[in-house]
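The next block holds one structure in the form of structure tokens; read it before the comments.
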Amino acid sequence: MTVEMTLVNTLLILQKLAAIAVAVQAVEYILLKNEYSDQGPWRWDILRKDFKGFPKPIQKIFDLTLSGQGFLYLSCLQLFACVLLFISMMPFLTALACVTLFIVSLLSSIRWRGAFNGGNDSMTLILIAALGLAHFANLHSIWPRACVLYIAVQVIVSLFISGLTKLQNNEWRSGLAFKKFLLLDQYAAPKFVQHFAVYSKLCRICAWVIIMFEVTFPLALISPTVARVYIAFALVFQFANFYLIGLNRFFFTWLAAYPALYFASFR
């Protein structure tokens, strides 16, 4: 039996899952503190050279918040805001937590000159911004519903464009790109997974399954039943990426956004 998602329940689920997703990012940053410390390879005195053209007051803010110690404190603040977002039942506190997380995530993206983890960072900003706007507005107005639907649209567009890009790439169509993914040293896929790379036909089949899943993802809006199928497949695929090659952020962030898609499937 299909149970319709109400707006209130959807916002609550989005809130809890978004808090978990961003908390994972905050914990990662805290654990990486030696890498961006004043002696680490990602130290601020190297990265700050890209921001010399900014006004002096802005540069001072960046020096305060994005240096090694400052960024560690910023990550701790991010983790605290995630806890607040998870436990809050008051719209004002939820909105305040979202504003804090948006600012911290934005500063983090600035520090890494765009994104620390690709499209995941963009989806994090979209998710947090939409949640914050939804809780600032009156629940009976059009804005909370519009914010949830906006998240759903972004989920669909992100996967559709990803699939379309793969479809236009000859290496993906041939399965070669999928094979390379399994063998990349930086991902360190388990040996039993790398053994599959010797089977070119199997790599081609897997590549086409991924492509067709992504380019047809907009069909998830047809009905809640179809949405559940697509979401289930997406979670399996993204959890496999998490487990096999370490792309954990994508799993938690898109997991946090999928309730919005399920809500939209009823509309």
Taking the six-membered ring for Trp, are F237 and W254 ring centroids under 6.0 Å apart? no
Would a distance-only check, ignoring hydrogens and angles, find a side-chain to backbone donor-acceptor pair under 3.5 Å from T165 to I161? yes
Between L219 and V215, is there shared hydrophobic-cluster membership here, with clusters defined by ILVMFWY side-chain heavy atoms closer than 4.5 Å? yes
I'd like to know whether the aromatic ring centres of F160 and F217 sit less than 6.0 Å apart in this structure. no
Sidechain N-carboxylate O distance under 4.0 Å for K180, E171: yes
Reference residue F239; test ring pair (Phe, Tyr, Trp, His ring centres under 6.0 Å); the match among F250, F251, F233: F251
If you count heavy atoms of other groups shown closer than 6.0 angstrom to CH2 of W208, is the number above 12? yes
Classify the side-chain pair Q78/Y73 by whether it contains a donor and acceptor separated by less than 3.5 Å. no
Please evaluate residues K166 and S162 with respect to the criterion side-chain hydrogen bond (donor to acceptor under 3.5 Å, both in side chains), reporting the C-alpha separation (whole Å), side-chain torsions for both, the decisive distance (0.1 Å), and the verdict. CA-CA 6 Å; K166 292 182 179 69; S162 175; 2.6 Å; yes
Is R204 close enough and on-axis enough to F178, meaning under 6.0 Å and within 45°, for cation-pi? no
Near-ring test Y29/Y36, centroid separation under 6.0 angstrom: no
Just by modelled atom types, is the K52 backbone N or O under 3.5 Å from a matching donor or acceptor in the Q59 side chain? yes
Between S88 and T94, does a side-chain hydrogen bond (donor to acceptor under 3.5 Å, both in side chains) hold up when you go through it step by step? CA-CA 6 Å; S88 175; T94 301; 3.0 Å; yes
Answer yes or no: does atom CD1 of I142 have more than 12 heavy-atom neighbours from other residues, nucleotides or ligands under 6.0 Å? no
Do R43 and E35 meet the salt-bridge criterion of a basic N to acidic O distance under 4.0 Å? no
